[in-house]
Structures are given as C-alpha cells and as structure tokens.
Visitor: 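Quick one: the structure is below, and I'll ask about it shortly.
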Amino acid sequence: MQPKIFAFANQKGGVGKTTLAVHMAIHAHSMGYRVLFVDLDQQGSATFLLTGDGDRHQTEEGTVLDLWYPDRKIPVQTSPVFGFDFLQASAALDVVDDEMDTAILALRRLENLDSGQGNYHLVVIDCPPAPNVRQIAPLMVADLHVIPVTPDALGTQGLVSLVQTNLHQIRPANPKLQLKVLINRLKANSPKNHAVAKELVEHFPDWILPQQLFEREDVRTGLRRGLPYWEVCRDTAQQDAWYQAFDGLLAGVPDDDDDPDLREIPEPEDAEEILAQQEQAEGGVS
Ligand SMILES: Nc1ncnc2c1ncn2[C@@H]1O[C@H](COP(=O)(O)OP(=O)(O)O)[C@@H](O)[C@H]1O
Ligand SMILES: [Mg+2]
C-alpha cells in the first residue's frame, strides 16, 4: 500500500510548519507507524531539529535533492534524536524551483519507497515558506494539506487565498487532497488572538481543527530535548489539545499494509463492549 502523504504548507514563515510537522512525525512514530520525514526547506530547520546539526543542510549530496535524479538512490537517514527516517534538506534546494512537472515526478518516488520493512505508512513533508514549486508540488501528490496558522492579522492574511489555491488549483489535479487548518501560537492572554481564532473557526468550519495550540516556551525546549510538547508541558488542557490534534490527523492513516480499516478503532469504552460481544460470539460458535 502507498503511504499517506501530509504536506505542512503555508507561504507565511514562523507559523509552525516545521514544529508541527516534526510533532506529527514523532506522534506517528511513537504509535508504531513507519514514518518518513521530508525536509524541503532550504533553511533546513527540521534537519537541524532531527540531527542537532545546524550545518547539515550545507551540502547537495545525500539530500532530498537526490529525488530529482531518478538514477540516484534515495538517501534515507534515521534521526538519531527521534528515531524515525528522514530525507534531509539542502541549502541548494531552490535550484529545483523552475520545473513543476519534474518536482511532481521527484516527489512521486516517495510513493513506492521501501522503508526496509515495507512501504512507509506516513510521509510528512515540511514545505518552505514561499508559494513556489516546493510548496505546490507536494500538494499535488499529498493526501492532506495541513495549514498551520497563527491567529493574528499577519498570520491569517493569505489563508483565504491558500485555501482557494487548494480548492481550485490543486484539487482538480489531485482530487484526494484534504485540507486541515491548525491554529498555532495562540497567545493565551491576548483577547485579540482569541477573537481572531474565533473568527477563523466561523470562517472555515469545515477545515479548522477544533484544537487550538498555544504559544508556549515548552514547545521549543521540548523539541530541543528531542521530546514532543505533550511530554514536557505542565498544562493538562494544552497537553490534551496537542495530543488530540495530532492523533486526529493520524486517524485517517492505515497502520497495517493488509488491513486499511485497522485505524477505524472504536473509542475505548466501545472497544471493551465490542470485545466482550466478540468473545461471546466466538464462544457461541466453538
Ligand atoms: N506553539 C508554539 N509555542 C512556542 N513556540 C512555537 C510554537 N510553534 C512554533 N514555535 C516557534 O516559532 C518559531 C517558528 O516556528 P517554525 O515551526 O519554525 O515555523 P515555520 O516552519 O512555519 O517557519 C520557532 O522558533 C518555533 O520553535
Ligand atoms: Mg519551517
């Protein structure tokens, strides 16, 4: 089975694309999914988080750029910090920004990439903060476009056009593409931020995730220690919000090659009931 591809994309920088994409990969990996993280941002901030090496992207060899060369092996590495696989960024990535079709072909190579134990379940792509080929091509191959947005005037500017792009330019070519907007870096003590967040929910009811992620120092310190926010935070409401947001995004990803319906696991209370029913039924048969 082919992996589900999630692209974290918004032309605005600083909204949390990298932070949330890394959290997505951490969560899926911790749940036993085979995860490949793809860093398409020439600044390499995800590559830095995944390796602890701030200069790692200052090379062209052995990077995600190799996807653009069909005769080159895809240089998968494993993050020593988080344990999942990744393709690292290159500072030279902007050389591929002229050719849309080539970029789509390059990214399609991810669809059949073997992890060593079968195909990946989930590919997480961290896109650069510009509406260029490296933002659009991932959306052409993705199953889900996650748009992180900060609830302020600057953050929400462009959201409407980004949603329009998704719906009217990408979807005709890639009808499977879903869309989720995730509010991030909400300042808990800013009434303005809360007001904008409320407006966003009213404006995009179909796409916005119910969880709102706050601006918290623990997010940064956690990732620097190789831990997701929910493992380091001291606020149980936010801990739940973060965990549930990523769990919700993951819910559509099959975690077993043989049984795509496996993820449709009922809530725990129902599960017990269903298991009891199954046991009874099985008992009846034998
Ligand atoms: N919820 C959050 N709370 C605190 N800091 C955050 C949060 N989300 C992101 N950040 C920080 O904001 C900065 C920009 O985030 P980043 O994920 O790099 O955004 P992008 O990839 O969209 O440019 C980084 O320093 C990151 O650590
Ligand atoms: Mg980034």
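Just follow the structure's listing: the first ligand is 1, and inside any ligand the first atom is 1.
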Visitor: What are the atoms of ligand 1, with element, lying closer than 4.0 Å to any heavy atom of Phe214?
Guide: 1 (N), 2 (C), 3 (N)
Visitor: Would you mind running through ligand 1 and noting each atom that sits below 4.0 Å from a heavy atom of Trp242?
Guide: 1 (N)
Visitor: Among Val219, Leu223, Asn184, Leu213, whose heavy atom sits nearest atom 8 (N) of ligand 1?
Guide: Asn184
Visitor: Ligand 1 and Thr18, any nitrogen or oxygen pair closer than 3.5 angstrom?
Guide: yes
Visitor: Among side-chain atoms of Gln178 and Arg171, is any donor-acceptor pair under 3.5 angstrom?
Guide: no
Visitor: Who's the nearest protein heavy-atom neighbour of atom 19 (O) of ligand 1, and how far?
Guide: Gly16 N, 3.0 Å
Visitor: Please round to the nearest 0.5 Å and tell me the distance separating atom CZ of Phe246 and atom CZ of Phe6.
Guide: 11.0 Å
Visitor: Report the distance from atom CG of Leu179 to atom CZ of Phe204, rounding to the nearest 0.5 Å.
Guide: 8.5 Å
Visitor: Pro129: heavy atom below 4.0 Å from ligand 1, yes or no?
Guide: no
Visitor: Checking the N or O distance criterion of under 3.5 Å, is ligand 1 in contact with Leu20?
Guide: no
Visitor: So, taking the atom named CZ in Arg72 and the one named CG in Asp66, what distance separates them when rounded to the nearest 0.5 Å?
Guide: 5.0 Å
Visitor: Within a distance under 4.0 Å of any heavy atom of Lys17, pick out the atoms of ligand 1 and give their elements.
Guide: 17 (O), 19 (O), 20 (P), 21 (O), 22 (O), 23 (O)
Visitor: Is the Tyr229 ring parallel, tilted or perpendicular to the Trp242 ring (thresholds 30°, 60°)?
Guide: tilted
Visitor: Do me a favour and list the nearest non-hydrogen protein atom to atom 23 (O) of ligand 1 with residue, atom name and distance?
Guide: Gly14 N, 2.7 Å
Visitor: Here's a test for you: under salt bridge (Lys or Arg N to Asp or Glu O under 4.0 Å), which of Asp39, Asp41, Asp98, Asp97 qualifies with Arg134?
Guide: Asp97
Visitor: For the pair His121 (side chain) and Arg34 (backbone), establish whether a donor and an acceptor sit closer than 3.5 Å, ignoring hydrogens and angles.
Guide: yes
Visitor: Do the side chains of Asp218 and Arg234 get close enough for a salt bridge, i.e. N-O under 4.0 angstrom?
Guide: yes
Visitor: Any N/O/S atom of Thr18 sitting less than 2.8 Å from the Mg ion (ligand 2), backbone or side chain?
Guide: yes
Visitor: Is the closest N or O pair between Arg216 and ligand 1 shorter than 3.5 Å?
Guide: yes
Visitor: Could you work out, for atom 25 (O) of ligand 1, the closest of His23, Arg220, Gln238 by heavy-atom distance?
Guide: Arg220
Visitor: Mind checking the CD-CG spacing from Gln244 to Leu249? Nearest 0.5 Å is all I need.
Guide: 12.0 Å
Visitor: Under the side-chain contact (heavy atoms from CB on, under 4.5 Å) rule, what do Lys176 and Asn174 come out as? Steps first, then yes or no, please.
Guide: CA-CA 6 Å; Lys176 70 179 185 301; Asn174 179 17; 3.0 Å; yes
Visitor: Answer with yes or no whether Phe8 contacts ligand 1, where contact means a heavy atom under 4.0 Å from a ligand atom.
Guide: no
Visitor: Look at atom 26 (C) of ligand 1 and say which protein heavy atom is nearest, naming residue and atom and giving the distance to 0.1 Å.
Guide: Thr19 OG1, 3.6 Å
Visitor: Just distances here: any N/O of Arg185 and N/O of ligand 1 closer than 3.5 Å?
Guide: yes
Visitor: By number and element, which atoms of ligand 1 are closer than 4.0 Å to a non-hydrogen atom of Gly13?
Guide: 23 (O)
